[in-house]
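Quick notes on the structure that follows.
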Number of protein chains: 2
Amino acid sequence: MRPESRSMRESILAAAVQLFAQYGYHAAPLRDIARIAGIQAASIYHHYPSKQALLVEIMETHMLRLNASLEHILKENDDPLQRLHAAIANHIRLHTTYKEEFFIIDTEMRALEDEHRPYILSLRDKYEALLQELLQDGMEREIFRRSDVKIASYAIIAMCTEVATWFRPNGRLSVQQVNTIYRQFITEGLLLPPGVAAPMPDETAHLL
Amino acid sequence: MRPESRSMRESILAAAVQLFAQYGYHAAPLRDIARIAGIQAASIYHHYPSKQALLVEIMETHMLRLNASLEHILKENDDPLQRLHAAIANHIRLHTTYKEEFFIIDTEMRALEDEHRPYILSLRDKYEALLQELLQDGMEREIFRRSDVKIASYAIIAMCTEVATWFRPNGRLSVQQVNTIYRQFITEGLLLPPGVAAPMPDETAHLL
DNA sequence: GTCTATAGCTGGATAGAC
DNA sequence: GTCTATCCAGCTATAGAC
């Protein structure tokens with residue numbers, strides 16, 4: 001594949017990402033994707049066989065990226081809490097960096113045709129299984145509270161994924177701040193421990 | 001409005017709920033909605049002015065229901081923890097009872113035309129504001145850990161809303177079980193309190 | 001590799017009979 | 001209140017020139 005060709009391929013994909021995220025797959029006309037990429041609609045078919053192929057490529061690329069990064073974290077860490085912290089940070093980092101792509105993954109599963117849906121779903125299932133493995137291990141080693149592993153994984157994924165919906169790169173909070181807030185919420189919950197209520201908040205004590 | 005008329009109105013709406021949830025707004029043809037309701041597509045226009053009107057009515061009805069129930073909870077309770085428990089239970093109850101309707105609210109915001117989107121968004125904002133009021137009050141009264149109120153509200157809403165995606169009425173867990181698991185996760189988090197870490201296994205007790 | 005032109009279809013919505 | 005018939009706009013995708 002020659003460089004000029006690859007460049008146009010990427011321009012088309014970037015335009016598709018933008019419009020799929022903004023209007024949804026079915027509401028985004030191929031003509032508009034072509035216009036943003038700077039060519040005619042028919043020319044897209046030199047680079048991709050169909051509109052559906054654009055959606056599949058967006059979803060596959062980023063689900064593979066997400067899974068590979070979590071597999072790497074599990075391989076490099078043994079401590080359940082370190083693993084969880086790294087997994088949260090990784091999920092939030094990717095969902096803010098590739099915010100539109102993951103928003104599409106989160107909202108356009110139904111737009112996948114029967115031919116491709118099982119494959120993309122299997123990638124999503126794989127991610128859930130990796131996180132559940134992390135949680136199960138942490139519970140067996142008495143680091144995490146024993147709870148329903150599946151529901152815990154769904155809850156963590158849902159709240160960390162939704163960051164892709166509202167996060168703004170130049171908004172009130174940085175990625176690092178969002179990460180810190182989510183980490184504490186997931187590990188410690190909302191409730192103040194009854195006895196420890198008063199003087200020094202844990203999260204600032206170590207700064208002194 | 002005569003009874004026969006209202007009945008067909010509801011049949012049409014129910015069919016729209018089913019197909020919007022299953023295929024998405026843009027991918028659900030009006031002809032299919034009509035077929036499920038047992039009439040011809042053109043007859044729908046006697047009951048609703050447009051396809052868009054079906055979507056708006058579904059979203060409005062259930063967002064109003066959700067807001068009214070949370071307002072009622074805030075009025076009837078004063079204790080922050082009781083309020084939070086009631087809010088979680090209420091959110092999960094509605095999102096499992098009207099699972100398709102809330103799934104549509106969660107995934108088809110982009111399908112709203114400019115004329116109606118601000119109104120539906122204002123209802124969603126209202127719900128977030130009510131929950132944030134609950135959280136803010138609980139933090140000021142030293143019941144909840146001080147944290148970012150907006151993010152905490154987004155996290156709680158995201159995880160409790162996603163129940164509408166995977167919950168199955170005759171599945172592994174009852175609504176009550178799901179509610180209990182979520183309640184503990186939100187208030188206490190995943191981590192076991194270090195001191196309270198259960199009876200110590202014999203082979204590690206000597207390390208203390 | 002990109003273009004113009006258009007095929008082929010499907011969709012929401014309307015007209016007007018009954 | 002529901003029907004049949006149809007308009008017409010919009011879409012994805014293809015054909016074939018350059």
Side-chain angles (χ1 to χ4, degrees), chain A residues 1-59 104 107-108 110-117, chain B residues 1-59 104 107-108 110-117:
Chain A
M1 190 188 295
R2 283 161 297 164
E4 318 90 56
S5 163
R6 195 177 58 206
S7 172
M8 179 49 80
R9 235 187 98 86
E10 287 173 1
S11 296
I12 294 166
L13 202 68
V17 165
Q18 180 188 326
L19 291 187
F20 289 173
Q22 187 166 1
Y23 301 111
Y25 177 77
H26 291 293
L30 215 56
R31 285 175 176 85
D32 290 359
I33 295 172
R35 190 177 37 76
I36 292 176
I39 54 173
Q40 291 299 311
S43 305
I44 289 181
Y45 291 87
H46 179 75
H47 303 277
Y48 293 93
S50 66
K51 184 184 180 181
Q52 176 80 193
L54 290 165
L55 181 63
V56 172
E57 180 152 326
I58 293 165
M59 290 185 165
I104 291 166
T107 55
E108 294 295 347
R110 285 175 299 178
L112 284 170
E113 291 161 15
D114 291 342
E115 197 183 337
H116 310 107
R117 194 181 305 111
Chain B
M1 189 186 294
R2 283 161 297 162
E4 319 89 56
S5 163
R6 194 178 60 205
S7 173
M8 179 49 80
R9 235 186 98 86
E10 286 172 2
S11 295
I12 294 166
L13 202 67
V17 165
Q18 180 187 327
L19 292 186
F20 289 173
Q22 187 166 1
Y23 301 111
Y25 177 77
H26 290 292
L30 215 55
R31 285 171 174 84
D32 290 359
I33 295 172
R35 190 177 38 75
I36 292 177
I39 52 172
Q40 291 299 312
S43 306
I44 289 181
Y45 290 88
H46 178 75
H47 303 277
Y48 293 93
S50 66
K51 184 184 181 184
Q52 176 80 191
L54 290 165
L55 181 63
V56 172
E57 180 152 325
I58 293 165
M59 290 186 164
I104 292 166
T107 54
E108 294 295 348
R110 286 174 300 177
L112 285 169
E113 291 162 14
D114 291 343
E115 195 183 339
H116 310 106
R117 195 181 302 113

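So you know, we letter chains A, B, ... as the sequences are listed, proteins then strands, and number each from 1. Both backbone and side-chain heavy atoms feed into the values below; hydrogens, waters and symmetry mates do not.
Atom CG in A:Leu54 sits about 13 Å away from atom C1' in D:dA13, given to the nearest Å. Whole-Å rounding puts the B:Tyr23 OH to C:dT10 P distance at 16 Å. One can place CE of B:Met8 at 12 Å from C1' of D:dC3, the figure rounded to the nearest angstrom. For the pair A:Ile44 CD1 and D:dT14 C1', the computed distance is 14 Å after rounding to whole Å. For A:His46 and D:dA13, the NE2 to C1' distance is 16 Å, given to the nearest whole Å.
In this structure, A:Glu108 CD and A:Leu112 CG are separated by 8.5 Å, a value rounded to the nearest 0.5 Å. Here OH of B:Tyr48 is found 10.5 Å from CD1 of B:Ile33. Values are rounded to the nearest 0.5 Å. In this structure, A:Phe20 CZ and B:Arg110 CZ are separated by 10.5 Å, a value rounded to the nearest 0.5 Å.
Contacts classified as salt bridge (Lys or Arg N to Asp or Glu O under 4.0 Å) and involving residues 42-54 of chain B (residues at least two apart or in different chains) are not found. Under the salt bridge (Lys or Arg N to Asp or Glu O under 4.0 Å) criterion, the residue pairs touching residues 32-42 of chain A are A:Asp32-A:Arg35, with sequence neighbours excluded.
An OP1 or OP2 oxygen of C:dG1 is reached within less than 4.0 angstrom by no side-chain nitrogen or oxygen of A:Ser43.
In the set C:dG1, D:dT4, D:dT2, the nucleotide with an atom closest to the side chain of B:Ile39 is D:dT2. Listed nucleotides: D:dC3, C:dT4, D:dT2. Nearest to the side chain of B:Gln40: D:dC3.
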Determine, for nucleotides 11-18 of chain C in 5'-to-3' order, which nucleotides have protein heavy atoms under 4.0 Å from the base (write B), from only the sugar-phosphate (write S), or from neither (write -).
BBBBB---

Between B:His116 and B:Leu55, does the side-chain contact (heavy atoms from CB on, under 4.5 Å) criterion hold? Intermediate values first, please.
CA-CA 10 Å; B:His116 310 106; B:Leu55 181 63; over 6 Å; no

